[in-house]
Amino acid sequence: MKLYYSPGACSLSVHIALREAGLNYNLEKVDLRNKKTESGHDYVQINDKGQVPALETNKQVLLTEAAAILQYVADLAPEKNLLAPVGDVERYEIVAWVNFIATELHKNFGPFFHLNASDDSRESAKKVLEAKLDYIEKHLVKHPYIAGNHFTIADCYLFVVLRWCKFVPNLSSHQEIKKFMARIQNRPAVAAVLQEEGL
């Protein structure tokens with residue numbers, strides 16, 4: 001398998017999941033601004049969305065979108081318990097969190113990464129993020145991991161998206177989120193991936 005990634009982008013969540021799952025994979029760094037891969041290929045010819053992550057499977061299928069790829073990776077290593085089996089209600093709780101992170105958190109960081117975003121759009125996004133972070137903070141008071149009592153793909157994704165809080169000026173501090181971030185960062189697989197991506 002080959003993961004197309006950009007350091008610190010949401011592709012980091014898939015990189016973490018691959019390492020946690022113990023799967024064999026190769027990496028290809030992508031310059032998102034110029035749409036070029038580290039080996040000099042036109043990335044849009046590989047993935048016409050021009051975004052990361054993209055995972056080239058061993059069956060030569062290109063998967064895109066972090067939420068989908070995370071589930072695929074987890075299903076390749078069911079013994080790692082990164083996602084519950086089909087039919088188990090816990091699976092759908094985890095998937096619900098992954099979708100919440102994608103739609104309610106990830107997208108609201110967008111204005112802070114676009115140079116042409118207006119101050120109004122940034123302020124609006126910040127208000128949404130404050131409310132969502134308050135919700136996550138309350139949940140983490142009762143649970144060490146976002147989907148319950150053990151590490152899952154939802155934690156891979158949440159950890160990466162929460163790293164972006166540093167790009168939002170004067171965002172409120174949350175103690176349980178800080179503990180969560182430290183807990184995840186101290187996992188050997190996560191530490192190894194951060195080092196591999198130079199973060």
Side-chain angles (χ1 to χ4, degrees), residues 1 3-27 29-30 32 52-53 55 65-67 69-74 76-77 79-84 90 93-102 104-110 112-113 126 129-130 132-199:
M1 288 186 292
L3 174 65
Y4 292 92
Y5 81 103
S6 183
C10 64
S11 52
L12 176 61
S13 65
V14 176
H15 193 177
I16 291 169
L18 285 164
R19 180 67 74 121
E20 288 278 356
L23 299 171
N24 292 321
Y25 60 91
N26 296 311
L27 295 172
K29 189 174 177 180
V30 178
L32 292 175
V52 293
L55 182 72
E65 302 300 328
I69 300 172
L70 286 167
Q71 292 173 63
Y72 175 76
V73 169
L76 290 177
E79 71 283 0
K80 299 294 184 176
N81 206 22
L82 295 172
L83 181 63
E90 183 188 341
E93 291 172 338
I94 295 167
V95 170
W97 274 110
V98 168
N99 283 299
F100 173 85
I101 295 162
E104 302 295 328
L105 282 181
H106 185 161
K107 289 303 176 189
N108 279 298
F109 278 99
F112 300 96
F113 296 121
K126 181 181 175 184
L129 286 170
E130 290 276 15
K132 303 308 176 186
L133 292 175
D134 287 345
Y135 174 71
I136 290 168
E137 177 78 359
K138 288 175 187 173
H139 183 77
L140 288 173
V141 168
K142 302 174 186 175
H143 306 280
Y145 299 99
I146 198 62
N149 294 316
H150 66 91
F151 183 87
T152 69
I153 56 170
D155 298 296
C156 296
Y157 200 2
L158 182 61
F159 172 75
V160 171
V161 173
L162 289 178
R163 291 181 86 249
W164 303 339
C165 286
K166 62 190 172 191
F167 299 111
V168 183
N170 304 313
L171 197 61
S172 297
S173 180
H174 296 83
Q175 293 308 308
E176 294 302 323
I177 287 175
K178 283 183 179 177
K179 292 177 192 174
F180 168 83
M181 295 298 284
R183 189 178 305 124
I184 303 304
Q185 188 163 325
N186 287 331
R187 294 179 67 83
V190 176
V193 167
L194 291 173
Q195 183 174 23
E196 196 166 14
E197 292 200 14
L199 302 170

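Since the structure is predicted, the reported quantities are computational estimates derived from the model, not experimental observations.
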Which donor-acceptor pairs under 3.5 Å do side chains of residues 9-18 form with protein atoms, sequence neighbours excluded?
unit_1: Ser11; atom_1: OG; unit_2: Ser6; atom_2: N; d: 3.2
unit_1: Ser11; atom_1: OG; unit_2: Ser6; atom_2: O; d: 3.3
unit_1: Ser13; atom_1: OG; unit_2: Cys10; atom_2: O; d: 2.7
unit_1: His15; atom_1: ND1; unit_2: Glu197; atom_2: OE2; d: 2.7
unit_1: His15; atom_1: NE2; unit_2: Tyr25; atom_2: OH; d: 3.2
unit_1: His15; atom_1: NE2; unit_2: Glu196; atom_2: OE1; d: 3.1

Worksheet item: So, the side chain of His174 versus the backbone of Ser172: is there a donor-acceptor pair under 3.5 Å, distance only?
Response: yes

Worksheet entry | salt bridge (charged side-chain N to carboxylate O under 4.0 Å, His left out) contacts touching residues 132-143 (sequence neighbours left out) | Glu104-Lys132

Worksheet item: Can you tell me how far CG of Asn24 sits from CE of Met1, rounded to the nearest 0.5 angstrom?
Response: 7.5 Å

Worksheet item: Could you state the interatomic distance from OH (Tyr145) to CD1 (Ile94), rounded to the nearest 0.5 Å?
Response: 13.0 Å

Discussion item. Checking Ala67 now: which residues fulfil side chain to side chain contact (heavy atoms under 4.5 Å, CB included) with it, not counting sequence neighbours?
Written reply: Val98

Return a table of donor-acceptor pairs under 3.5 angstrom between the side chains of residues 152-164 and protein atoms on other chains or two or more places apart.
unit_1: Thr152; atom_1: OG1; unit_2: Ala154; atom_2: N; d: 3.2
unit_1: Asp155; atom_1: OD1; unit_2: Ile146; atom_2: N; d: 2.9
unit_1: Asp155; atom_1: OD2; unit_2: Thr152; atom_2: N; d: 2.9
unit_1: Tyr157; atom_1: OH; unit_2: His106; atom_2: ND1; d: 2.7
unit_1: Trp164; atom_1: NE1; unit_2: Gly8; atom_2: O; d: 3.0

Item to complete: For Gln71 and Val95, indicate whether the former's side chain and the latter's backbone hold a donor-acceptor pair under 3.5 Å.
Response: no

Worksheet item: According to the salt bridge (charged side-chain N to carboxylate O under 4.0 Å, His left out) rule, which pairs have a member within residues 168-193, sequence neighbours left out?
Response: Glu20-Arg187, Glu176-Lys179

Fill in: Which atom of Ala192 lies closest to which atom of Arg19, heavy atoms considered
CB-NH1, 3.5 Å

Discussion item. Just to verify, what does Tyr4 make a ring-ring contact (aromatic ring centres under 6.0 Å, His included) with, not counting sequence neighbours?
Written reply: Tyr43

Worksheet entry | Glu90 side, atom CD; Leu83 side, atom CG - distance, nearest 0.5 Å | 8.5 Å

Worksheet item: With sequence neighbours left out, what residues match His139 under ring-ring contact (aromatic ring centres under 6.0 Å, His included)?
Response: Trp97, His143

Worksheet item: Got a sec, which residues hit ring-ring contact (aromatic ring centres under 6.0 Å, His included) with Phe167, two or more places apart in sequence or on another chain?
Response: Phe113

Response to the item:
With sequence neighbours left out, the residues meeting salt bridge (Lys or Arg N to Asp or Glu O under 4.0 Å) with Glu65 are Lys49

